[in-house]
There are 2 protein chains.
Amino acid sequence: MPPLKTDRIYQGDCVEVLAGLPAQSVDVVFADPPYNLQLGGELLRPNNSRVDGVDDAWDRFAGFADYDAFTRAWLAACHRVLKDTGTLWVIGTYHNIFRVGTALQDLGFWVLNDVIWRKTNPMPNFRGTRFTNAHETLVWCAKGPEARYTFNYEAMKALNEGLQMRSDWSLPLCTGGERLKDDGGQKLHPTQKPEALLHRVVLASTNPGDVILDPFLGSGTSAAVAKRLGRRWIGIERDPDYIAAARARVAAVQTVDDPTLLATPRKRAEPRIPFGAVVERGLLPPGTVLTDSGGRWTAKVRADGTLISAEHRGSIHQVGAAVQGAPACNGWTFWHMQTEGTEGLVPIDLLRQRLRQEMVDQGEAPADPAPLPTGGRGGSRSGRGPRRGTRGSAAATLH
Amino acid sequence: MPPLKTDRIYQGDCVEVLAGLPAQSVDVVFADPPYNLQLGGELLRPNNSRVDGVDDAWDRFAGFADYDAFTRAWLAACHRVLKDTGTLWVIGTYHNIFRVGTALQDLGFWVLNDVIWRKTNPMPNFRGTRFTNAHETLVWCAKGPEARYTFNYEAMKALNEGLQMRSDWSLPLCTGGERLKDDGGQKLHPTQKPEALLHRVVLASTNPGDVILDPFLGSGTSAAVAKRLGRRWIGIERDPDYIAAARARVAAVQTVDDPTLLATPRKRAEPRIPFGAVVERGLLPPGTVLTDSGGRWTAKVRADGTLISAEHRGSIHQVGAAVQGAPACNGWTFWHMQTEGTEGLVPIDLLRQRLRQEMVDQGEAPADPAPLPTGGRGGSRSGRGPRRGTRGSAAATLH
DNA sequence: AGAGCTGCTGAATCAGTGG
DNA sequence: ACCACTGATTCAGCAGCTC
């Protein structure tokens, strides 16, 4: 078997190409396999425009058995070329990720984390039939339960403003200038991943000079990020058009010698706190009667976080405005609740303040600080106290 | 098979208890199964031969095989007792969720969403060897790809202050006063789930009066929330201590008894009004000219409740689609009429709203048909039997 | 220049009823 | 079973244009 050649794209089926590579020679595999979406007919948006769904031949399988066989084949081939200290990442959705996770566990891989890519700008559910599919799942695993592996704890902590990096990452989709286009101005690849996602993967699980292999290279995101961060890379791809585009893309990338100079774009919107959360968390049971400060109007809290009065129904703001005949109303300060103590009637904004305080106390704010709907909570991290001391080496090899 | 008895806890192994319940009798299953891969006698064993760790690979295979057999057994039992319009929720982590997801797909369940419970206050990773494990995964599925199911889209949207509910939910762990303690002040159950999580599950996928079954009841969170929200419930649990605690817990729960506080009005469930009824009632005389909001297209109202334009003839929807060259069109919101007042051009949907209001005032149809306590109808998408106010009956009562 | 508006798009398993 | 018809349904970000 010849020595490993890196920084190149191999054309062909990944199982066949992998068979030609030396065993135990790769530090990290990042795989974005076909998801087996099983889409039905066409889907229209409310404005009657058509959703450009994934209908490529490479995503069509005869059934779960077919997909499972495909999955086990490429996972086994990756297991062979991985060093014993190597790790493997796979990204997917509920269409395929359970099959992938089961297959890699059966093959002996040892799951270290499942990581959620929380999309800040997902496509909505146009028909109102399900929850907005707003995330994808990455599985990160070592070659076995006893295997050592690389995890750059300090780099991840630094990337998260001094707090441990969590298993949920909020990042936007790959859009705008980063999205590769073909000659006609159409998207070159239907599932191009954002570089910020790969930035985090590469920084977390590899060291400079390590070899990252991507068996489904596509538009070349993993190779581009690997090169930028001073890692070596290997891509495998079947489609000559994708290969040409990826080659040009990677060629244009400049390697940055000092990765600490690179900051991941911090576009991570934190989930808002709607009034429904106050109800859901039991701070205000359904059926509670709210009044305005003068006791002139009343409304009842419903289980879905809306209010209902004698004549109106809607959000705390809508009902507050409606009963007054006003064009607008801040429901948080308009509506009051009766307390047992000496305070008597207090605005429900008190509950929101309490919820925010809990978030600060419990470290809810950290990972992705962003202003709340009204009156941001910037700078609230001061109450969190001193951090633990640093851990040994930044790029530790762990057991 | 005896009829289903609800609002009670059955003691025993869930597969055996489920076998004694009638088929197709449950609306929703919520399951929080054990994921202890050590198989400490708690799980079903298809073969009693336990191999002591002579060979890691074999041991691992035996472990997963046993867990898979256990998973398939209880999932199949749940599939049988579920109504064809029912859905199933399972919660887990990367230790078991891939096995569960694969098993339920193999059994024919159709995944609707995987939902991420993003913990606002997770346990940190003290050794700094991995990402903070800050989430759990729920899988929500119907009995098959063609099955109808209940999803209270509007209630979820209201709970999120007007935005579609996403597949990632940020909620704190169950701590503080909500956490059940034993006599010694220790936590009663190791994995007690927060009520806020179940609140969202129940509100999203059931209607008042529906039956929710939990095959691994534990501390009784699902039963407590089901009772509070006016749903019926069935719990199965093996441990007598957990059962005793859950019984006491549920007994202390007060049901929100006002149905208007529990149900969110659903647009799709409103009585249908044929456009012909608007004409028939004289709200829009034959010959009236309608236009789109931009004044680009016009059409005339005919006595039979159809429209006629320069080139097209048909229903308000058909002509609206035809003039635009669109595949579909909601004629109620597309076509506008000129008013004499200050409002100018208004959509003809205003007439439909006026007609519906008249029907309410005259007792012809309910404004907000409350779901029957027995759960026979009212599912937003469950289609279990005829609805009130269908097109036919509305027309019949109108004239 | 900058604010504001329109239009487009993203791994999507996306309807319900009656004849 | 198929077929026809009604009519309900979207969030964030970016590019390009107008005022």
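Note on naming: letters A, B, ... go to the chains in the order of the sequence lines (proteins, then strands), and numbering restarts at 1 for each one.
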Practice problem: Please figure out whether A/Asn47 or A/His95 has its closest DNA chain C nucleotide nearer the 5' end. | Solution: A/Asn47
Exercise. Return the 5'-most residue of the pair B/Pro145, A/Thr93 with respect to DNA chain C, ranking by each residue's nearest nucleotide.
Key: A/Thr93
Which listed nucleotide ([options]) is nearest to the side chain of [X]?
{"X": "A/Arg130", "options": "C/dT13, D/dA8, C/dA11", "result": "C/dT13"}
{"X": "A/Thr191", "options": "D/dA8, C/dA11, C/dT13", "result": "C/dA11"}
{"X": "A/Lys187", "options": "C/dT13, C/dG10, C/dC14", "result": "C/dG10"}
{"X": "B/Tyr153", "options": "C/dA11, D/dT9, C/dA12", "result": "D/dT9"}
{"X": "A/Gln38", "options": "C/dT13, D/dT10, C/dT17", "result": "C/dT13"}
{"X": "A/Phe126", "options": "C/dG10, C/dA12, C/dT13", "result": "C/dG10"}
{"X": "B/Gln164", "options": "D/dG7, C/dA11, D/dT10", "result": "D/dT10"}
{"X": "B/His317", "options": "D/dG7, C/dA11, D/dC11", "result": "D/dG7"}
{"X": "B/Arg272", "options": "C/dA11, D/dT6, C/dT13", "result": "D/dT6"}

Quiz item: Considering every strand shown, what is the Watson-Crick or G-U wobble mate of C/dG4 when both distances are under 3.5 Å?
Solution: D/dC17
Quiz item: Which nucleotide, in any strand shown, forms a Watson-Crick or G-U wobble pair with D/dA8, with both distances under 3.5 Å?
Solution: none
Counting any heavy atom closer than 4.0 Å, what does [X] reach on the DNA or RNA strands: base, sugar-phosphate only, or nothing?
{"X": "A/Pro122", "value": "base"}
{"X": "A/Trp58", "value": "base"}
{"X": "A/Asp32", "value": "base"}
{"X": "A/Leu44", "value": "nothing"}
{"X": "B/Arg166", "value": "nothing"}
{"X": "A/Gly41", "value": "base"}
{"X": "B/Lys157", "value": "sugar-phosphate"}

Quiz item: Could one point to a donor on the side chain of A/Arg45 or the base of C/dG10 with an acceptor on the other under 3.5 Å away?
Solution: yes
Practice problem: Give a yes or no on whether a salt bridge exists between B/Arg118 and A/Asp168, defined as a side-chain N under 4.0 angstrom from a carboxylate O. | Solution: yes
Quiz item: If you measure from the Lys or Arg side-chain nitrogens to the Asp or Glu carboxylate oxygens, is any gap between B/Asp210 and B/Lys83 under 4.0 Å?
Solution: no
Measuring to OP1 and OP2 of [N], would you say a side-chain N or O of [X] lies under 4.0 angstrom away?
{"X": "B/Lys267", "N": "D/dT9", "value": "yes"}
{"X": "A/Arg179", "N": "C/dA11", "value": "yes"}
{"X": "A/Arg127", "N": "C/dA15", "value": "yes"}

Quiz prompt | Contacts of type side-chain contact (heavy atoms from CB on, under 4.5 Å), residue A/Gln318, not counting sequence neighbours | solution = A/Ser315
Quiz item: Are more than 12 heavy atoms from other residues, nucleotides or ligands located less than 6.0 Å from atom CZ of A/Arg238?
Solution: no
